[in-house]
Amino acid sequence: MIVSLCTIAYNEESVLNGLLRDFRDQNYPHDKIEIIMIDSSSTDRTREIMEEFKETDNGFRNVSIYTAPHKNQATAWNVAIEHAKGDIIIRVDAHSKIPRQFVSRNVFNIKEGEDIVGGGRPNTIANPNLWTKTLLAAEESLFGSSVADYRRPAARKEYHDSLFHAAYRREVFATVGGFNEDLGRTEDNELHYRIREAGYKLCCCPEILSFQHTRSTLGSMIRQKYGNGYWVGLTLGVCPKCLSYFHFIPFVFLLATVASILIWALAGQPVFFAVIMAMYMMFNFVNTVGAFILNKSLNPLFLLLPFLFPVLHYSYGAGTLVGLVKLRRWKKSLGTAALERIEQVKDAVINNTENHDGEEVEVI
């Protein structure tokens, strides 16, 4: 089967070379892989790195570079899907790492009869030191982002609502179209909702694994959490069913904290604030101890985790609050362009299918 291995990037010069090395090291036949890279108008060496990779003979069926006019992830992914000619389309974020069996294992499971497959997606760090390991521990904790079941490796085949770094039969996009370009961080949640509504299942396979680089500074992690929360708030007005309750836990925590402080200030009743803080600090302590145990580390900076957790949670919750405040005006500004793009991508996939020779090869 022909595979379209796609990635998008905006100013990812610090990590892109590593991902492209992973592409080069894949053990699936390179003449059955086309590489599609999308540069979202980067201002650093991202485009240059892509060009250097294209000029290097790694035996791939084809290596293509396209430019997305905006930094919007959905726009870039749509450009990739429109140009993909493979039987299987795999999307991998630039800020990621994949093992050498990644493509072959995805192909194997697709050939076993699945339509969309993926696997666990733990976090990793590019430049390990005491501080970045602390940020990684915060991200990997169940008090961080790892509550989502599709982030952890599966013990057996499981069907989830969403997947990271998924591989899709091209007919999936021919059926549901592309990403909604009105959305930011939640574009994959909305797409996967439409995929499930169309009757497809998203299979998490235990032998498939990929990694995503954790942000290396506290500032960038705070911006990431705020942005994630912001787009959750906006997405509630477009596709509420594509979100889960855990997306709103930081927002509820923020509201509960503010409400308890107001009750204390206006009614002289500190008990609500005390109860909320006591419960939070209990979970905070458990997860901090868990970080030491799970990481088998005596990293002294882990002692900062009780302070990092609330910073990240309040950042996410504040983002959701701002998104909800802006929701009504934002919805009024939306036109039909995003829906039309979804259909345009569908048409492009169908046209590419008609002109594609989907030859079969043995999976290794």
Side-chain angles (χ1 to χ4, degrees), residues 4-10 34-42 47 50 64-94 115-116 161-200 202 227-228 230-243 323 326-356:
S4 297
L5 185 56
C6 309
T7 191
I8 67 172
Y10 172 73
E34 67 164 353
I35 305 294
I36 297 179
M37 297 179 285
I38 310 298
D39 172 31
S40 298
S41 303
S42 298
R47 181 66 180 235
M50 290 179 175
S64 302
I65 304 171
Y66 301 96
T67 300
H70 310 294
K71 300 176 186 177
N72 182 289
Q73 291 187 148
T75 300
W77 285 124
N78 279 344
V79 173
I81 296 166
E82 282 180 308
H83 290 91
K85 295 181 173 62
D87 304 299
I88 300 172
I89 299 173
I90 302 180
R91 50 169 294 198
V92 179
D93 293 342
D115 295 305
I116 306 106
D161 288 344
S162 191
L163 292 171
F164 274 96
H165 302 155
Y168 309 79
R169 287 188 188 270
R170 66 180 298 105
E171 69 179 59
V172 174
F173 294 111
T175 301
V176 305
F179 289 87
N180 186 334
E181 295 183 8
D182 282 335
L183 300 178
R185 308 285 178 83
T186 53
E187 79 284 348
D188 52 345
N189 299 79
E190 192 273 342
L191 172 70
H192 289 156
Y193 171 75
R194 279 188 281 122
I195 286 174
R196 298 195 309 274
E197 287 294 292
Y200 294 105
L202 292 85
N228 289 348
Y230 176 78
W231 279 106
V232 163
L234 291 182
T235 304
L236 189 64
V238 175
C239 184
K241 291 184 179 180
C242 72
L243 299 173
K326 292 184 176 181
L327 175 57
R328 186 175 180 181
R329 179 177 294 181
W330 177 74
K331 281 192 67 175
K332 287 183 177 180
S333 70
L334 300 180
T336 61
L339 298 179
E340 292 169 357
R341 280 290 292 146
I342 289 174
E343 293 301 314
Q344 288 172 5
V345 173
K346 180 192 296 186
D347 293 339
V349 172
I350 293 172
N351 291 334
N352 281 341
T353 301
E354 292 173 347
N355 297 321
H356 176 244

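Considering only residues two or more places apart in sequence or on other chains, Leu202 meets the side-chain contact (heavy atoms from CB on, under 4.5 Å) condition with Ile116, Leu163, His192, Ile195, Arg196. Scanning for salt bridge (charged side-chain N to carboxylate O under 4.0 Å, His left out) contacts around Glu34 gives an empty result, with sequence neighbours left out. Under the side-chain hydrogen bond (donor to acceptor under 3.5 Å, both in side chains) criterion, Tyr193 pairs with no residue at all, not counting sequence neighbours. Take Asp115 and apply the salt bridge (charged side-chain N to carboxylate O under 4.0 Å, His left out) test, not counting sequence neighbours, and it matches Arg169. Contacts of Lys241 classified as side-chain hydrogen bond (donor to acceptor under 3.5 Å, both in side chains), with partners at least two apart in sequence or in another chain: none. Listed by chain and number, the residues in a ring pair (Phe, Tyr, Trp, His ring centres under 6.0 Å) with His83 are Tyr66 (sequence neighbours excluded). Shown here are the side-chain contact (heavy atoms from CB on, under 4.5 Å) partners of Thr67, two or more places apart in sequence or in another chain: Ser41, Arg47. Glu197 meets the side-chain hydrogen bond (donor to acceptor under 3.5 Å, both in side chains) test with no other residue; sequence neighbours excluded. In terms of the side-chain contact (heavy atoms from CB on, under 4.5 Å) criterion, residue partners of Ala348 (sequence neighbours excluded) are, by chain and number, Glu82. By the salt bridge (charged side-chain N to carboxylate O under 4.0 Å, His left out) test, Glu171 is found to be paired with no residue, residues two or more places apart in sequence or in another chain being considered. In this view, Glu340 and Thr336 satisfy the side-chain hydrogen bond (donor to acceptor under 3.5 Å, both in side chains) rule, not counting sequence neighbours.
Inter-residue side-chain proximity for Ile36 and Ile38 is flagged as met; some heavy-atom pair is nearer than 4.5 Å. Looking at heavy atoms from C-beta onward, Asn72 lies out of side-chain contact with Trp77 at the 4.5 angstrom threshold. A heavy-atom distance below 4.5 Å is not found between the side chains of Ile81 and Tyr168. A heavy-atom distance below 4.5 Å is not found between the side chains of Thr7 and Asp93. Residues Val238 and Trp330 are in side-chain contact: their nearest non-hydrogen atoms beyond the backbone lie under 4.5 Å apart.
Between the side chain of Arg185 and the backbone N or O of Val232, no donor-acceptor pair lies under 3.5 Å. Looking at Arg194, its side chain does come within 3.5 Å of a backbone N or O of Gly178 through a donor-acceptor pair. Looking only at distances, no side-chain donor or acceptor of Lys71 sits under 3.5 Å from a matching main-chain atom of Ser40. A donor-acceptor pair is defined here as one N or O able to donate and one able to accept, closer than 3.5 Å; no such pair exists between the side chain of Asn180 and the backbone of Ala338. Judged by distance alone, the side chain of Ser4 and the main-chain N or O of Ile89 form no donor-acceptor pair under 3.5 Å.
Residues Ser42 and Asp39 have side chains that bring a donor and an acceptor to within less than 3.5 angstrom of each other.
With values rounded to the nearest 0.5 angstrom, Leu234 atom CG is found 6.0 Å from Leu327 atom CG. To the nearest 0.5 Å, the span separating CG on Asn351 from NZ on Lys85 amounts to 11.0 Å. Between the CD1 atom of Ile35 and the CD1 atom of Ile90 there is a distance of 9.5 Å, given to the nearest 0.5 Å. Expressed to the nearest 0.5 Å, how far CZ of Arg341 lies from CD of Glu181 amounts to 4.5 Å. Taken from OG1 in Thr75 to CG in Leu183, the straight-line distance is 10.5 Å, to the nearest 0.5 Å.
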Full working for side-chain contact (heavy atoms from CB on, under 4.5 Å) between Trp231 and Leu236: CA-CA 8 Å; Trp231 279 106; Leu236 189 64; over 6 Å; no

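In terms of heavy-atom proximity, Cys242 sits nearest to Cys239 at SG-O, 2.9 Å.
Partner Phe179 forms a side-chain contact (heavy atoms from CB on, under 4.5 Å) with one of Arg91, Gln73, Glu190 and no other, that one being Arg91.
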